[in-house]
Every structure is written in structure tokens, then in C-alpha cells.
Amino acid sequence: MQEIKFIKSENLKQKPKDISKVVFGTLFSDYMFSMDYEKDKGWINPTIEEYKDIPLSPSNSTLHYGQAIFEGMKAYKTVNGDVTVFRPLDHLNRLNRSARILDIPEIDVEFVKDALFKLVEIEKDWIPTEKGASLYIRPFIFSNDANLGVSVAKRYKFMIILSPVSAYYSAGFAPVKIMVEDKHVRAVIGGLGEAKTPANYAASLHAGVVAHQKGYHQVLWLDGVNRKYIEEVGSMNILFKIGGKIVTPALSGSILDGITRKTVLEIAKSWGYEVEERKISIDELCECYDNGSLEEVFGSGTAAVISPVGELLYKDKKMVINDGKVSDFSLKMFNYITSLQQGTEKDNFGFVAKV
Ligand code: COI
């Protein structure tokens with residue numbers, strides 16, 4: 001195991017007084033972790049130092065060709081004062097799955113978990129304790145060659161930065177309005193859809209702007225070939241409660257294998273719900289809406305946690321879910337997951353890792 005170098009900072013920042021006023025992803029803690037990769041040396045120089053801007057060549061390969069991946073996870077301070085991280089190994093293993101898709105060198109998951117825990121321990125005073133708030137952890141890897149040739153890079157940088165956050169959507173835990181996107185596509189099977197890579201988010205930006213102009217928070221993507229089967233929202237996976245069952249699109253290769261999605265399905269099964277991971281077409285969803293069997297729609301994600309959907313727009317069909325109000329299952333799931341995270345509910349699943 002390599003030793004992690006720690007460089008003490010003299011520039012410690014003020015912590016926020018009211019976390020609910022901090023816009024998601026705009027404030028960062030005092031320290032960050034980084035290490036470099038060189039083709040013949042592997043991952044080297046693991047360091048924790050002051051969070052600061054980094055020097056970048058104008059010909060940095062990520063800026064031009066986007067060979068990069070990231071993760072999003074969260075740290076909590078429980079009611080007993082323990083510092084915990086939610087499902088860290090699931091996240092780091094998924095980072096390695098994304099790495100394989102983009103030909104990025106994999107990380108040593110155990111080493112990075114230890115580095116992450118060390119960073120979170122140093123920064124534990126940055127963890128907000130309000131319900132639904134946490135210290136968001138953003139590990140990422142980008143190619144770091146100074147080279148305009150289109151090829152897999154020889155050098156990479158891995159970093160972890162930390163950001164205290166509350167609700168992802170400015171409305172807090174309130175139903176969001178989602179527009180079903182039938183023109184643009186996010187990903188196709190065989191492409192990058194299941195990797196957590198900037199390209200998927202870049203592909204979603206324009207559709208997001210159009211949706212915002214129409215008064216919607218996000219778009220719901222349909223499959224890129226038939227424009228028929230429901231995929232994901234981009235910032236979160238999507239789940240439905242239909243006739244008492246929890247239904248969500250199966251992992252097709254073009255959607256993200258969400259850790260919160262998996263968490264919801266495991267908890268729902270333990271509560272006795274029937275869970276279906278399958279293809280679900282937008283026509284079937286409209287039919288379920290019309291015949292009254294579509295009871296709830298909600299998103300799941302690390303940043304979003306559980307986000308109830310109050311309205312779906314598909315072409316000119318407006319579907320108002322549960323009168324646009326927060327519905328029972330979503331609320332129960334949100335409360336249960338946040339209680340596990342805050343340590344007020346016993347974790348029988350092994351989701352919570354103590355730092
Ligand atoms: C996360 O939920 O961690 C994500 O990466 C989504 C991002 C849009 C904030």
C-alpha cells in the first residue's frame with residue numbers, strides 16, 4: 001500500500017450556517033484527494049491537500065475528447081456522532097465498470113476506499129446533519145495527456161472533492177415536473193449509456209434547456225432506437241408504482257445501474273412489494289395512467305435521493321400524478337433511506353459503512 005501524503009492547509013473556509021440556502025454542488029470543503037496515473041508506473045502520488053484549482057494544458061485530452069468518468073456518493077454524521085458513507089464499495093466498483101467502458105485504468109477499490117475515508121474523516125466538520133443533507137462525494141478520473149491525437153491516453157488524474165449539500169432540486173422534497181423526450185436521445189445500447197461519463201450529461205443539456213423553457217424540471221429519456229421504451233431521467237433513475245407493484249426499466253446497457261435504484265428495489269422487496277425490472281413502453285404508461293393503475297412516479301439517485309414526480313408530459317398528453325402531491329410510497333421510501341443514513345433506523349442491509 002502506498003502512503004498517502006497529507007499537506008496541511010492554512011486557508012480553512014467558513015462552513016455554511018444554513019445548508020438549505022446552498023445551491024447543490026457550488027460549495028466545496030477545504031481538502032481534496034488526488035493521484036496520478038502513468039502508463040509504466042500505475043497510480044502514483046496519492047495526496048490529500050488544499051482544495052484548489054489545478055493546472056491544465058490547453059491540449060488536455062479530456063477537454064477535447066472527453067475520456068473521463070465520475071461517481072457520486074454521500075457521507076453522513078449519524079445521530080450517535082458516527083461518520084458514515086452510504087454503499088462506498090458499490091460506488092467504487094461502478095467507477096471501475098465505467099473505467100472499463102472508457103478504457104481508463106481501473107483503481108484499487110480498497111486503497112481508494114481508505115483514501116476516501118481518510119479525506120472524509122479530516123473533513124467531518126463539513127458534514128451537515130439536517131434531514132436530507134449530507135457531504136456529497138465526487139470521485140472522478142480524467143485523461144491527462146497533452147495531445148490532440150484521438151487515442152486512449154497514457155496519463156490520468158483521479159480526484160475526490162467534497163461538497164456539503166441539501167436537496168438536489170431547489171423545490172426540496174416536492175414533486176417535480178418531467179417532460180418525456182421524444183426528439184433527442186441520450187444513449188443507445190452499445191454506446192456509453194451505462195457508464196457514468198460526462199458525455200451522457202452533455203447529451204442531455206440541450207433537451208434540459210428546452211424542458212425548462214416549457215416549465216419542466218427534467219426530461220425522461222426514451223430508448224434511442226424505437227423512441228418507445230422508458231429509460232432514465234439522466235440525473236436519476238425512474239420508478240413507477242403500478243397496480244401495487246414497483247416497476248422500473250430493466251438495465252438494458254443504455255441506462256445507469258443506479259445504486260439508489262438498487263437500494264429502493266431491495267428495500268421494497270423486504271417490505272413485501274412485488275418488484276418488476278422490465279421493458280416498459282411509454283404507451284403502456286399512458287394506458288396505466290388512463291385506467292388509473294399508475295399510482296406513483298418517482299426518481300432515485302444519490303444526489304436526488306427519492307424525488308417524487310407530480311407531472312409527466314408526453315407529446316401533448318399531460319399526466320398529473322396523485323394530484324401533483326407527494327405520494328405515500330415515495331415519502332415512506334425517502335424517510336426510510338434518510339433514516340438509515342442518519343442512523344435513526346437500524347441498517348439490516350449493510351448499506352452504511354462506518355468511517
Ligand atoms: C448523482 O446522483 O450522484 C449524480 O451523479 C447525478 C448528478 C446529475 C448530480
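Quick note: residue numbers are just sequence positions, from 1.
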ask   = So R261 and E277, salt bridge (charged side-chain N to carboxylate O under 4.0 Å, His left out) or not? Walk me through it.
value = CA-CA 11 Å; R261 171 188 180 279; E277 292 177 73; 2.8 Å; yes
remark   = To the nearest 0.5 Å, atom CG of L222 lies from atom CG of D182 at 7.0 Å
request  = Give a yes-or-no answer on whether the side chains of S134 and Q341 include a donor-acceptor pair shorter than 3.5 Å.
outcome  = no
inquiry  = One pair to check against side chain to side chain contact (heavy atoms under 4.5 Å, CB included): I337 and I306. What are the steps and the verdict?
reply    = CA-CA 9 Å; I337 293 179; I306 298 296; 4.1 Å; yes
Rounded distance (nearest 0.5 Å) linking atom CD1 of I259 with atom CG of N237 = 9.5 Å
request  = Start with the C-alpha gap between Y156 and K39, add the side-chain angles, then the distance that decides, and say whether side-chain hydrogen bond (donor to acceptor under 3.5 Å, both in side chains) holds.
outcome  = CA-CA 9 Å; Y156 297 84; K39 202 171 171 9; over 6 Å; no
query = Mind checking whether D328 and L331 have side chains closer than 4.5 Å, heavy atoms only?
reply = no
inquiry  = Using a 3.5 Å distance criterion without hydrogens, assess whether the side chain of E181 forms a donor-acceptor pair with backbone atoms of H184.
reply    = yes
request  = Say whether, by atom type as modelled, one donor and one acceptor occur between the side chain of T62 and the main chain of S143 under 3.5 angstrom.
outcome  = yes
query = Can you tell me how far the NZ atom of K269 sits from the CG atom of L265, to the nearest 0.5 Å?
reply = 6.0 Å
message = Side chains of S163 and R138 only: does a donor on one sit below 3.5 Å from an acceptor on the other?
response = no
key: Spacing of SG belonging to C288 relative to CG belonging to D290, to within rounding of 0.5 Å   = 9.0 Å
query = Run the salt bridge (charged side-chain N to carboxylate O under 4.0 Å, His left out) check on R186 and E232 step by step: do they pass?
reply = CA-CA 9 Å; R186 170 185 173 274; E232 58 155 89; 3.6 Å; yes
key: Centroid-centroid distance, Y136 to F28, less than 6.0 Å   = no
inquiry  = Check the orientation of F329 and F298. Use parallel for under 30°, tilted for 30 to 60°, and perpendicular for over 60°.
reply    = tilted
key: Side chains of Q218 and S307 in contact at under 4.5 Å (non-hydrogen atoms)   = no
message = Within the 4.5 Å heavy-atom criterion, are C286 and Y314 side-chain neighbours or not?
response = yes
request  = Any chance you could lay out the salt bridge (charged side-chain N to carboxylate O under 4.0 Å, His left out) test for D145 and R155, step after step, and finish with the verdict?
outcome  = CA-CA 5 Å; D145 279 1; R155 293 172 161 180; 5.1 Å; no
task = Write down the atom of S270, the atom of F349, and the distance for their closest heavy-atom approach.
result = OG-CZ, 3.6 Å
message = With no hydrogens and no angle check, just 3.5 Å: does a side-chain donor-acceptor pair link E130 and S166?
response = no
ask   = What's the shortest heavy-atom distance between L340 and V352, and which atoms?
value = O-CG2, 3.7 Å
ask   = Taking C-beta and beyond as the side chain, do I54 and K52 meet within less than 4.5 Å on heavy atoms?
value = no
query = Which pair of non-hydrogen atoms, one from Q67 and one from S151, has the smallest distance, and what is that distance?
reply = OE1-O, 4.4 Å
task = For the pair T129 (side chain) and K77 (backbone), establish whether a donor and an acceptor sit closer than 3.5 Å, ignoring hydrogens and angles.
result = no
Output a table of donor-acceptor pairs, distance under 3.5 Å, between side-chain atoms of residues 99-110 and any protein atom two or more places apart or on a different chain; print 'none' if there are none.
unit_1 : atom_1 : unit_2 : atom_2 : d
R100   : NH1    : E106   : OE1    : 3.2
R100   : NH1    : E106   : OE2    : 3.3
D108   : OD1    : E110   : N      : 3.1
D108   : OD1    : F111   : N      : 3.2

task = Return yes if a side-chain donor-acceptor contact under 3.5 Å exists between T78 and Q342, otherwise no.
result = no
Considering all heavy atoms, the nearest A187-S254 contact = CB-O, 3.8 Å
key: Check against salt bridge (charged side-chain N to carboxylate O under 4.0 Å, His left out), K8 and D30   = CA-CA 10 Å; K8 204 166 171 7; D30 293 312; over 6 Å; no
ask   = Strictly by modelled atom types, are T260 and S300 linked by a side-chain donor-acceptor pair under 3.5 Å?
value = no
Derivation of the ring-ring contact (aromatic ring centres under 6.0 Å, His included) call for F86 and F351 = CA-CA 6 Å; F86 199 71; F351 294 155; 5.6 Å; yes
request  = Go through D82 and T84 one step at a time and tell me if the side-chain hydrogen bond (donor to acceptor under 3.5 Å, both in side chains) criterion holds.
outcome  = CA-CA 6 Å; D82 289 336; T84 62; over 6 Å; no
task = Can you see which heavy atom on I48 is nearest to which on A115, and at what distance?
result = CD1-O, 4.3 Å
inquiry  = Using 0.5 Å steps for rounding, measure from the CZ atom of F140 to the NZ atom of K157.
reply    = 9.5 Å
query = Going through the checks in order, is the side-chain hydrogen bond (donor to acceptor under 3.5 Å, both in side chains) test met by S9 and N11?
reply = CA-CA 6 Å; S9 166; N11 301 313; 4.6 Å; no
ask   = Atom CD1 of I161 and atom CG of L119: how far apart are they, to the nearest 0.5 Å?
value = 10.5 Å
query = Is K177 close enough and on-axis enough to Y216, meaning under 6.0 Å and within 45°, for cation-pi?
reply = yes
query = Pick one: which of E296, K332, E295 meets side-chain contact (heavy atoms from CB on, under 4.5 Å) with S327?
reply = E296
task = Pick out which of K228, R278, K279 makes a salt bridge (Lys or Arg N to Asp or Glu O under 4.0 Å) with E284.
result = R278
key: Side chain to side chain, K113 and L92, heavy atoms closer than 4.5 Å   = yes
inquiry  = Hydrophobic clustering (ILVMFWY, side-chain heavy atoms < 4.5 Å, transitive) - are M319 and I178 grouped together?
reply    = yes
task = Without swapping roles, check the side chain of S34 against the backbone of M159 for a donor-acceptor pair under 3.5 Å.
result = no
task = Mind running ring-ring contact (aromatic ring centres under 6.0 Å, His included) on F142 and F70 for me, showing each step along the way?
result = CA-CA 9 Å; F142 60 95; F70 68 93; over 10 Å; no
ask   = Does a donor on one side chain sit under 3.5 Å from an acceptor on the other, for D18 and S20?
value = yes
ask   = What are the two closest non-hydrogen atoms of Q2 and I44, and how far apart are they?
value = OE1-CA, 3.7 Å
ask   = Any side-chain heavy atom of K317 within less than 4.5 Å of one from L313?
value = no
key: Flag, side chain of T302 to backbone of G72, donor-acceptor distance under 3.5 Å   = yes
ask   = Does F240 belong to the same Ile/Leu/Val/Met/Phe/Trp/Tyr cluster as M179, with side-chain heavy atoms less than 4.5 Å apart forming each link?
value = no
task = Is it possible for you to say whether L162 and V83 belong to one hydrophobic cluster, with membership spreading through side-chain heavy-atom contacts below 4.5 Å?
result = yes
Check: N200 side chain, L192 main-chain N or O, donor-acceptor pair, under 3.5 Å = yes
task = Take N60 and N144, measure what side-chain hydrogen bond (donor to acceptor under 3.5 Å, both in side chains) needs, and give me the verdict at the end.
result = CA-CA 6 Å; N60 169 280; N144 204 13; 3.1 Å; yes
query = Heavy atoms, side chains only, cut-off 4.5 Å: are M35 and V112 in contact?
reply = yes
